[in-house]
Number of protein chains: 2
Amino acid sequence: MKNHMHHPLPNALRPSLAEALALADRRCAELGRRWTVSRQRALEILLEANGPVKVYDLLSSFKPGGLTAPATIYRAFEALVDLGMAHRIDSLNAYMARHFIDKAQATLLLVCDQCGRVDEVAPPTPALLTAIKAHSTFLTETVAVEAHGCCGDCRA
Amino acid sequence: MKNHMHHPLPNALRPSLAEALALADRRCAELGRRWTVSRQRALEILLEANGPVKVYDLLSSFKPGGLTAPATIYRAFEALVDLGMAHRIDSLNAYMARHFIDKAQATLLLVCDQCGRVDEVAPPTPALLTAIKAHSTFLTETVAVEAHGCCGDCRA
DNA sequence: AGCGATACGTTATAATATAACGCCTCGATA
DNA sequence: TATCGAGGCGTTATATTATAACGTATCGCT
Ligand SMILES: [Zn+2]
Ligand SMILES: [Zn+2]
Ligand SMILES: [Zn+2]
Ligand SMILES: [Zn+2]
């Protein structure tokens, strides 16, 4: 990893805590789930990190507040994913706060293999979903686009 | 997993062994790699499976022919990925033969969460790549689209 | 023959993720 | 308010996935 500071996201794209909590309430109601201290702590961690967070990195640092065992952390992060407040990034085995909070289901993540920065970008949802529908009888639940490469800063 | 037979791919999309070996030769030359028995065996396994293959499933079955340890199998599969002859599917921790052999770098995979079937679909490459370029200075190396949901057969 | 790069076999270990089970808490309902 | 079922958490153990390390073999070239 290059050792430079990651750019904070433009404020317009960062979900405010208020927005996040409103979404949490709404979706908890819809899904019969509860908004708990663990989940709020997990969300705070993701928002503070402003980038991908790996479960076992959390465990080996001092960050936790109640999140002290793998199962606990996985449960909290997965709950956030279910609630639409986080992504799981399979190609990194990591979780990240979701910025485009309810606008589109599909997400496009640009993962820099040099520095580890991940940008969340509004996806070309219509074109992508149209293409999927055109090709099959597949009923799409989730679409994840993980693009790997090298970010502008690393190439500068 | 539902217990039905998976559909063979239309023959037009299945790479013939001849095509695959031609590609292997060409790309080995380009990359200074070698086409080995292990890699050919790995490719045969993927083509026979006609779907995603998990490393430790291979180990616990009797399939191997020389591929008997994790490191060996991972090396062979990763070599196939480098050569453009296979995909790694991060959301499944699995490998699969690549059908669209050199047409497009980006791939769109439709993963049925019910039966495990994975269809490889020609992606809307231009739209997707254009969107990526429009959004950043990111230099894209690979784009993987993994759509999860439910295939037509499972819903029938 | 000599040499560097690539690849393989093997052993051990690291990294990632889940199972299982008991206890707790919330909220609906009687 | 007593009861009850679902959701959630803490903890321990274990399963699953992936890589490190190192010595040997092989290839292509000179
Ligand atoms: Zn960086
Ligand atoms: Zn970068
Ligand atoms: Zn099936
Ligand atoms: Zn299916």
Side-chain angles (χ1 to χ4, degrees), chain A residues 1 24-45 52-61 63-83 85-96 113 116 146 148, chain B residues 1 24-45 52-61 63-83 85-96 113 116 146 148:
Chain A
M1 293 292 171
D25 259 12
R26 178 157 37 88
R27 297 232 65 212
C28 280
E30 285 171 18
L31 298 173
R33 318 292 291 281
R34 296 173 197 159
W35 186 246
T36 68
V37 176
S38 292
R39 289 167 190 183
Q40 177 136 357
R41 180 76 191 107
L43 179 59
E44 287 165 5
I45 289 170
V53 173
K54 307 196 75 176
V55 169
Y56 281 81
D57 287 351
L58 266 191
L59 277 169
S60 52
S61 71
K63 298 207 176 179
L67 302 174
T68 55
T72 311
I73 301 181
Y74 278 105
R75 280 195 290 228
F77 282 165
E78 284 301 323
L80 294 182
V81 171
D82 292 347
L83 293 170
M85 315 184 59
H87 301 289
R88 175 174 166 84
I89 307 174
D90 284 316
S91 59
L92 299 179
N93 298 320
Y95 294 87
M96 192 170 120
D113 294 325
E146 298 180 19
H148 282 251
Chain B
M1 293 292 171
D25 259 11
R26 177 156 39 87
R27 298 233 63 212
C28 281
E30 286 172 16
L31 299 174
R33 319 291 292 279
R34 297 171 197 160
W35 185 246
T36 68
V37 177
S38 292
R39 290 166 189 183
Q40 177 135 358
R41 181 74 191 107
L43 179 59
E44 287 165 6
I45 289 171
V53 174
K54 306 196 76 174
V55 169
Y56 281 80
D57 288 351
L58 266 190
L59 277 169
S60 53
S61 71
K63 298 207 175 177
L67 302 174
T68 55
T72 311
I73 301 181
Y74 278 105
R75 280 195 290 227
F77 282 165
E78 283 302 323
L80 294 181
V81 172
D82 292 346
L83 294 169
M85 315 185 58
H87 301 289
R88 174 172 167 85
I89 308 175
D90 283 316
S91 59
L92 298 179
N93 298 319
Y95 295 87
M96 191 169 120
D113 295 324
E146 298 180 19
H148 282 250

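Just the heavy atoms: all of them, side chains too, but no hydrogens, waters or symmetry mates, feed the values below. Residue numbering restarts at 1 for every chain, and letters A, B, ... go by the order of the sequence lines.
Between B:N93 and B:Y56, every side-chain heavy-atom pair lies at or beyond the 4.5 Å cut-off. Side-chain contact between A:L67 and A:F77 is absent, with no heavy atoms from C-beta onward closer than 4.5 Å. The shortest side-chain heavy-atom distance between A:R33 and A:R39 falls under the 4.5 Å cut-off.
The nearest whole Å value for the distance from the CG atom in A:L67 to the P atom in D:dG8 is 15 Å. Look at CH2 on A:W35: it is 16 Å from C1' on D:dC9, rounded to the nearest Å. As a whole-Å value, the separation of B:L31 CG from C:dA7 C1' is 15 Å. C:dA7 atom C1' lies 16 Å from atom CD of B:Q40, rounded to whole Å. Taking atom CZ of B:R39 as the reference point, atom P of C:dG9 lies 11 Å away to the nearest angstrom. Atom C1' of nucleotide C:dT18 and atom CZ of A:R88 are separated by 12 Å, given to the nearest angstrom. A straight line from CD of A:E30 to C1' of D:dG7 spans 17 Å, rounded to a whole angstrom.
Classification of the B:Y74-B:Y95 ring pair by plane angle, with boundaries at 30° and 60°, yields perpendicular.
Atom CD1 of B:I73 sits about 10.5 Å away from atom CZ of B:R41, to the nearest 0.5 Å. Here the CG atom belonging to B:L43 is positioned 4.5 Å from the CE atom belonging to B:M85, to the nearest 0.5 angstrom. We find the CG-CG distance between A:L83 and A:D25 to be 10.5 Å, quoted to the nearest 0.5 Å. Here CG of B:L31 is found 11.0 Å from CZ of B:R26. Values are rounded to the nearest 0.5 Å. For the atom pair CZ of A:R88 and CG of B:D90, the computed distance is 9.5 Å after rounding to the nearest 0.5 Å.
Of the residues in residues 71-82 of chain B, those placing a heavy atom less than 4.0 Å from an atom of DNA chain C are B:A71, B:T72, B:R75, in numerical order.
Between A:T36 and D:dC9, a side-chain N or O to OP1/OP2 separation shorter than 4.0 Å is present. OP1 and OP2 of D:dT16 both lie 4.0 Å or more from every side-chain N or O belonging to B:N93. For C:dA15, the OP1/OP2 oxygens have no side-chain nitrogen or oxygen of A:K54 closer than 4.0 Å.
Applying the side-chain contact (heavy atoms from CB on, under 4.5 Å) test between A:M96 and each of A:L80, A:V53, A:I89 identifies A:I89 as the sole match.
A donor-acceptor contact under 3.5 Å links the side chain of A:Y56 to the base of C:dA17.
The residue among B:P70 and A:A94 whose nearest nucleotide of DNA chain C is located toward the 5' end is B:P70. Both A:D57 and B:R33 sit near DNA chain C, but only B:R33 has its closest nucleotide nearer the 5' end.
Taking every heavy atom of both residues into account, B:T72 and B:G66 meet most closely at CG2-O, 4.1 Å.
Checked for salt-bridge contact, B:E30 and B:R27 meet the test: a charged N lies under 4.0 Å from a carboxylate O.
Taking five base pairs at each end of the helix from C:dA1-D:dT30 to C:dA30-D:dT1, the local helix axes there meet at an angle of 30°, rounded to 10°.
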## Note on the structure
Its contact letters, B for base, S for sugar-phosphate only and - for none at protein heavy atoms under 4.0 Å, make nucleotides 22-30 of chain C read ---BB----

